[in-house]
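Every chain is numbered from 1 and lettered A, B, ... according to where its sequence line falls, protein lines coming before strand lines.
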Amino acid sequence: MEKNSAQFVPYIYLFSDGLVIDSQPVKVISSCSLDFYKFPFDTQNCSFSFNSYIHRRRTLQIYLSSTVADILKYSQEVMATMGEWELVGLTVKTFVPPPGNEDVWDEMRFFVFVKRRATLYVVNLLIPSYFLITVDLFSFLLPPQNVDRTLMKMTLILGFTVFLLIMSDLLPASGNTVPLINVFLCLCLALMVASLLESILITNLLRGSAHYSAVPRWVRVFVLRILGRLVRLRPKPRDQEDTVIQNPATQEDSKVSQQKGPLDEEKARKELRRLGNDFQAICLQVKHRLGEKQESEWIQVGFIIDRLLLGMYIIFLSVSFSTIITIWMQS
Amino acid sequence: MEKNSAQFVPYIYLFSDGLVIDSQPVKVISSCSLDFYKFPFDTQNCSFSFNSYIHRRRTLQIYLSSTVADILKYSQEVMATMGEWELVGLTVKTFVPPPGNEDVWDEMRFFVFVKRRATLYVVNLLIPSYFLITVDLFSFLLPPQNVDRTLMKMTLILGFTVFLLIMSDLLPASGNTVPLINVFLCLCLALMVASLLESILITNLLRGSAHYSAVPRWVRVFVLRILGRLVRLRPKPRDQEDTVIQNPATQEDSKVSQQKGPLDEEKARKELRRLGNDFQAICLQVKHRLGEKQESEWIQVGFIIDRLLLGMYIIFLSVSFSTIITIWMQS
Amino acid sequence: MEKNSAQFVPYIYLFSDGLVIDSQPVKVISSCSLDFYKFPFDTQNCSFSFNSYIHRRRTLQIYLSSTVADILKYSQEVMATMGEWELVGLTVKTFVPPPGNEDVWDEMRFFVFVKRRATLYVVNLLIPSYFLITVDLFSFLLPPQNVDRTLMKMTLILGFTVFLLIMSDLLPASGNTVPLINVFLCLCLALMVASLLESILITNLLRGSAHYSAVPRWVRVFVLRILGRLVRLRPKPRDQEDTVIQNPATQEDSKVSQQKGPLDEEKARKELRRLGNDFQAICLQVKHRLGEKQESEWIQVGFIIDRLLLGMYIIFLSVSFSTIITIWMQS
Amino acid sequence: MEKNSAQFVPYIYLFSDGLVIDSQPVKVISSCSLDFYKFPFDTQNCSFSFNSYIHRRRTLQIYLSSTVADILKYSQEVMATMGEWELVGLTVKTFVPPPGNEDVWDEMRFFVFVKRRATLYVVNLLIPSYFLITVDLFSFLLPPQNVDRTLMKMTLILGFTVFLLIMSDLLPASGNTVPLINVFLCLCLALMVASLLESILITNLLRGSAHYSAVPRWVRVFVLRILGRLVRLRPKPRDQEDTVIQNPATQEDSKVSQQKGPLDEEKARKELRRLGNDFQAICLQVKHRLGEKQESEWIQVGFIIDRLLLGMYIIFLSVSFSTIITIWMQS
Amino acid sequence: MEKNSAQFVPYIYLFSDGLVIDSQPVKVISSCSLDFYKFPFDTQNCSFSFNSYIHRRRTLQIYLSSTVADILKYSQEVMATMGEWELVGLTVKTFVPPPGNEDVWDEMRFFVFVKRRATLYVVNLLIPSYFLITVDLFSFLLPPQNVDRTLMKMTLILGFTVFLLIMSDLLPASGNTVPLINVFLCLCLALMVASLLESILITNLLRGSAHYSAVPRWVRVFVLRILGRLVRLRPKPRDQEDTVIQNPATQEDSKVSQQKGPLDEEKARKELRRLGNDFQAICLQVKHRLGEKQESEWIQVGFIIDRLLLGMYIIFLSVSFSTIITIWMQS
């Protein structure tokens with residue numbers, strides 16, 4: 001507690017009936033243990049104790065001059081510069097000594113309840129964070145085979161760290177309990193990082209799986225059958241469509257070669273067929289090169305994991321957010 | 001209110017007619033409840049009350065030595081370091097007691113009206129924010145089928161959070177009313193996020209719709225017919241143009257096959273026709289692979305929603321901005 | 001003005017001739033109205049007035065013990081911690097009362113001229129800003145049809161806002177005149193945003209113009225003819241080159257079909273010609289799909305506007321920068 | 001040590017047995033040499049020495065009124081505003097003079113052990129840093145031949161510098177020992193930069209190696225044989241697969257040309273074969289142009305170095321992190 | 001110099017031999033002119049002058065009670081909170097008056113040498129800056145024809161400005177000499193911007209040179225011959241390789257047409273040859289469209305300039321860095 005820094009008042013009222021009124025304004029800066037757990041929806045309880053330094057109860061007794069409700073009401077009216085704090089309650093506890101025992105100090109303890117005005121924090125911190133996590137959630141809609149999700153998610157995480165920076169400036173590291181909002185932001189970051197890692201994994205499966213060995217049996221059984229049924233996603237492989245286009249040609253080709261057997265036409269036909277093969281090779285090459293390799297089972301694995309993680313993401317997000325919001329709302 | 005921190009003056013003028021002039025400079029740091037609602041176009045009203053601590057009206061009366069207008073004029077002249085504040089008004093209210101009742105304290109209350117100089121905030125905060133929101137609006141011009149809008153919009157949002165960071169440093173969280181500028185910036189962010197989400201959705205429709213099932217009937221009726229007419233956008237499907245190129249070949253092909261009927265030429269022709277089919281397959285493959293799939297109805301849905309949201313974006317922007325600016329202008 | 005915070009000196013020199021020397025060190029913190037208009041090349045003028053609080057001229061007169069030049073010289077020598085300020089001048093103005101009128105206060109007013117040392121601001125703020133605006137200017141060199149300018153310009157703007165952040169921390173919002181450096185930075189940002197919007201527009205014209213209707217007549221006349229002549233840019237349409245390659249084939253084809261009339265060779269030739277048509281269709285498709293559509297008139301419009309805006313950019317940049325630098329240099 | 005800033009208490013208890021109790025509250029701000037080496041898991045040891053300024057031991061002796069354990073317990077109870085510090089210990093060392101020698105000052109020295117509450121730093125600093133380094137580790141999964149790793153890693157490094165910025169604000173540059181957390185963050189940054197440089201190198205090998213001269217002999221022996229065996233990675237070259245497609249045609253072609261020798265069919269066949277060669281040339285061109293050049297040995301070198309560096313990255317990361325965490329855990 | 005803020009000690013030792021010891025602790029906050037030129041490797045020299053305010057040498061003489069070395073040693077031991085400063089030296093200069101002249105003030109001047117502990121600045125500022133400039137240097141390895149260097153370099157510059165931001169917070173703008181570290185960082189930024197501009201130029205030459213007119217003669221002579229020999233880089237034009245593939249076909253074609261002259265085979269051959277020409281046209285088109293235009297001389301100019309600037313970059317970097325480091329090391 002600091003020294004009294006208010007102006008000293010050198011006047012005392014002396015009434016004829018012996019009543020003495022000495023109104024000394026007191027301006028104190030006291031310290032109060034803050035609990036940031038529910039920040040920014042926290043209510044702090046600070047106590048001020050008034051007692052005599054030397055006079056015991058037998059010589060000095062302390063009374064309130066008006067009721068607590070009046071003090072609270074008057075305080076709320078005149079208090080202009082509480083900043084982000086709102087005075088919500090005031091209680092007084094007087095130490096009642098056991099009867100007959102006058103050898104104690106009289107003490108009056110004020111409990112001041114102040115509530116933080118959270119609107120600005122909600123507008124400046126929580127809503128933008130919520131926006132960013134929403135963007136991250138929606139980024140699952142980006143088709144992974146065409147668009148590079150990773151860079152966008154990386155930028156998102158970069159933007160989120162700016163909020164962590166604001167946050168870190170706002171809150172002093174003061175309690176042994178971590179504020180819920182830090183858990184909230186850290187959780188958001190964890191989710192974003194997890195979804196980024198998942199995007200990297202999917203990219204790896206979709207674009208790099210050409211080099212992979214075949215899908216192991218247990219993966220095929222577990223992921224493709226069991227999880228795939230869970231997700232109810234079995235993307236129609238695009239190669240079927242392609243083979244539909246190619247097959248007629250080759251089948252017709254084989255049928256043609258069986259139906260007819262002219263001799264000297266055969267050589268020209270052979271050449272032409274070779275030519276046709278070359279064309280199909282081009283088809284394959286072009287198809288191959290242009291980044292849409294065979295939609296192998298690895299890619300199906302990738303899609304299923306993508307959807308599965310999206311589901312887990314949504315579930316985890318809902319559960320954790322509702323928990324945090326419930327805790328905030330209870331205050 | 002702080003203690004008087006001005007230098008004490010030990011001199012008093014004693015005039016022969018009994019007039020006593022004791023000019024004590026008073027330097028006080030007072031607190032004033034600020035209302036940030038219209039920040040940075042706000043005008044604050046701070047009051048200073050001067051009254052005696054003990055002497056009632058019957059023994060001490062307080063008067064102004066000059067008119068209020070003169071005080072205001074003189075204050076505006078000598079005031080050098082108001083910083084961003086401009087003194088715009090000064091009024092005095094004297095407590096007039098009911099006649100005959102002298103048992104009250106005489107009180108003089110000054111109301112000081114200061115106006116914030118907003119130019120620097122406009123230049124440093126509002127104009128750049130307006131620039132960024134304009135960029136976001138113009139980014140709808142980027143053709144979604146060719147350019148990746150999402151990354152650019154993500155970078156835009158990242159840049160915007162830097163302004164939120166500046167903002168958050170500027171304004172203390174002090175009132176129970178959220179400043180309009182925070183609503184403004186938060187609204188801008190919300191619009192940017194919404195337009196980013198819309199871009200993700202469009203990207204999903206344009207590039208990932210190949211895997212989709214057919215457009216549901218209600219979507220077709222609602223979006224394509226009703227909304228499409230609203231937007232008056234029915235992008236000419238590019239595949240028509242493509243089929244124009246292919247059709248002659250195939251039609252000529254069929255006509256040729258009907259016109260002529262030579263026997264042993266037919267086999268060579270058959271082969272050649274198969275070859276031609278292969279070419280068309282290549283065409284299709286190349287066309288297919290190079291990212292411009294059939295402009296299915298999903299893509300039309302995407303375009304229509306894109307335009308629709310652009311319209312809503314513009315309308316929402318105009319309405320909200322004009323509202324905010326109107327409120328600011330009224331002050 | 002703050003209280004004198006220097007140590008009190010309890011000694012007075014009493015000389016035998018009646019001279020009394022009482023050297024009291026005075027340490028004052030005074031406020032000075034700063035004018036940030038030419039920041040960081042500003043020179044501030046602060047005044048200190050010394051007068052007696054009660055004694056009029058008839059009883060107390062104030063003199064300087066040495067010349068102003070000596071005081072200035074001595075001040076410059078002993079002054080160690082002016083920080084970024086450099087003492088450049090000191091003038092004294094003594095109030096000269098009308099003769100015979102001794103009933104005024106004697107007053108001595110010092111005018112202290114301090115000049116900001118701008119080197120660090122130039123190195124840390126102006127040069128990096130100049131670098132970034134140069135990068136933005138050079139980014140017009142990026143061929144718009146191949147490289148995505150928008151993302152790079154967006155990142156540039158993001159980097160520029162970091163400098164705005166530094167700037168905003170440096171300068172308090174204190175005057176009613178906006179500092180030139182803010183105008184400078186805001187102008188840079190405006191130019192960057194304008195060039196970004198122009199890039200979006202060009203991208204739209206270059207890549208999205210396939211969906212557009214024909215160029216309106218007035219655009220064709222105004223932009224292509226008049227402005228195009230201004231810019232002296234008429235990029236050789238690349239399709240001419242392409243048609244050079246294709247035309248011989250088709251022309252030869254038509255000539256061939258007119259020159260010769262063999263009957264049974266004709267059918268094979270017909271087939272082959274159909275095959276050739278297919279090839280040309282492939283050519284067209286490939287050309288079409290690979291992002292280089294017909295360089296329609298819209299694209300020419302885009303190029304002309306690009307060059308035109310580059311010109312305006314350079315002109316605007318030169319004019320505004322030279323203006324600002326001229327103003328700075330005059331101080 | 002600052003002046004005592006506590007309120008002066010003008011009361012003294014005088015007991016009838018001659019005992020005098022003078023309880024003066026003392027509020028001191030003392031300086032304490034902090035050791036940031038293990039930040040944020042550091043425990044600081046501050047000492048307060050109480051001794052008389054003039055009275056020697058023979059005239060003044062200092063005693064504690066209660067046991068140290070009680071003082072510690074009471075201190076922990078009433079201490080409300082230690083901020084991020086937790087009082088964990090208190091020891092007292094009394095200076096015991098040699099017997100008979102009373103000509104010394106009695107001194108009592110308190111050692112206060114305070115421990116930093118690290119949770120908030122872990123949540124706000126260490127966990128996000130760990131997230132980012134994890135993302136960097138996983139980014140090795142991105143297939144280097146398809147995805148541009150460099151930009152994503154650059155963004156990652158950009159995001160990491162934001163944490164360096166937070167860190168730099170938190171910790172004053174105060175010791176001659178660098179805090180471990182700075183080493184930790186600097187190490188993370190070094191690893192990220194190293195992995196970025198490696199990505200650039202790999203990109204150079206994968207995409208730019210077409211211009212290179214042949215792989216030198218020592219590289220071939222050292223990297224491809226020895227290191228390649230270490231990594232156990234020999235990516236099946238994709239060109240083998242391609243040649244499988246092409247070879248049958250050419251081999252069949254050569255076989256066909258050996259088997260048969262008809263004369264006037266040969267010319268047509270020759271033409272067709274030339275046509276076929278053209279097709280293969282197209283294949284080669286398309287293959288060539290579409291960015292997947294021959295998977296030359298340089299590319300294999302790239303892949304091997306990529307895996308090798310990933311291994312070194314993991315090893316280095318594990319070793320250094322476990323070392324740092326071990327040091328932190330020991331405190 | 002501030003007022004003495006240490007506790008007043010009301011005791012004086014009076015010894016029987018007339019010796020009087022009055023130990024007054026003095027706590028002063030003095031200002032010291034700092035020279036930031038070699039920051040963070042700077043050593044500051046602050047002087048404290050002790051002299052009497054009134055008593056001249058004849059009445060008051062000042063002596064040190066112990067040697068300077070002892071004072072330095074004792075100071076280094078007890079000094080706990082110098083923060084980033086390390087006490088490295090202490091010298092005393094006593095004003096020696098000319099003999100016989102006692103009419104001067106006795107003065108003792110302490111010179112305190114403090115050295116900044118630079119480790120943390122090295123770890124937090126210099127090493128990361130060095131990392132970033134290294135990344136920029138290595139980014140020259142990215143093959144300009146395949147990878148978009150500009151965006152990556154832009155992100156790098158963005159990351160570097162974050163360090164400028166940290167730097168700008170650290171160092172007050174206080175001297176008329178710019179600190180070397182600012183020059184260092186500004187130089188790094190300049191190099192990065194230069195390399196970015198060079199990348200834009202190279203991109204322009206590589207991708208946009210198709211629209212250009214022919215290389216002027218002086219450029220061809222100067223750049224291709226002289227500079228190209230300097231760089232010893234003459235990238236084998238890839239088109240030679242391509243023409244190797246195409247030429248045989250066309251040459252064989254022409255040879256074939258000269259060798260043989262059968263009449264009715266000729267028409268079919270003609271058709272086929274036309275077909276073959278179409279194929280070659282496709283080849284050309286595909287080659288043309290897929291971004292690898294003819295490696296014209298402009299592209300060679302680009303490559304040579306790229307290498308040349310890389311060389312200049314390295315040379316400039318080495319020279320300037322070694323200069324700066326030399327200056328730092330000398331302190």
Side chain from CB out, backbone as N, CA, C, O: work out which of these in D:Leu142 comes under 4.5 Å of a heavy atom of chain A, or both, or neither.
-> both
Side chain, backbone, both or neither: which part of D:Leu132 has a heavy atom under 4.5 Å from chain A?
-> side chain
So for [X], is it side chain, backbone, both, or neither that comes closer than 4.5 Å to the heavy atoms of chain D?
| X | value |
| --- | --- |
| A:Ala194 | neither |
| A:Leu189 | both |
| A:Leu196 | side chain |

So which heavy atom on A:Asp106 is nearest to which on A:Leu60, and how close?
-> CB-O, 3.8 Å
Give a yes or no on whether a salt bridge exists between D:Arg149 and D:Asp306, defined as a side-chain N under 4.0 angstrom from a carboxylate O.
-> yes
Taking the six-membered ring where the residue is Trp, are the ring centres of A:Tyr121 and A:Phe39 under 6.0 Å apart?
-> yes
Mark yes when over 12 heavy atoms from residues, nucleotides or ligands other than A:Phe316 sit less than 6.0 Å from its CZ; otherwise mark no.
-> no
Could you check whether the rings of D:Phe15 and D:Tyr13 sit parallel, tilted or perpendicular, using 30° and 60° as the cut-offs?
-> parallel
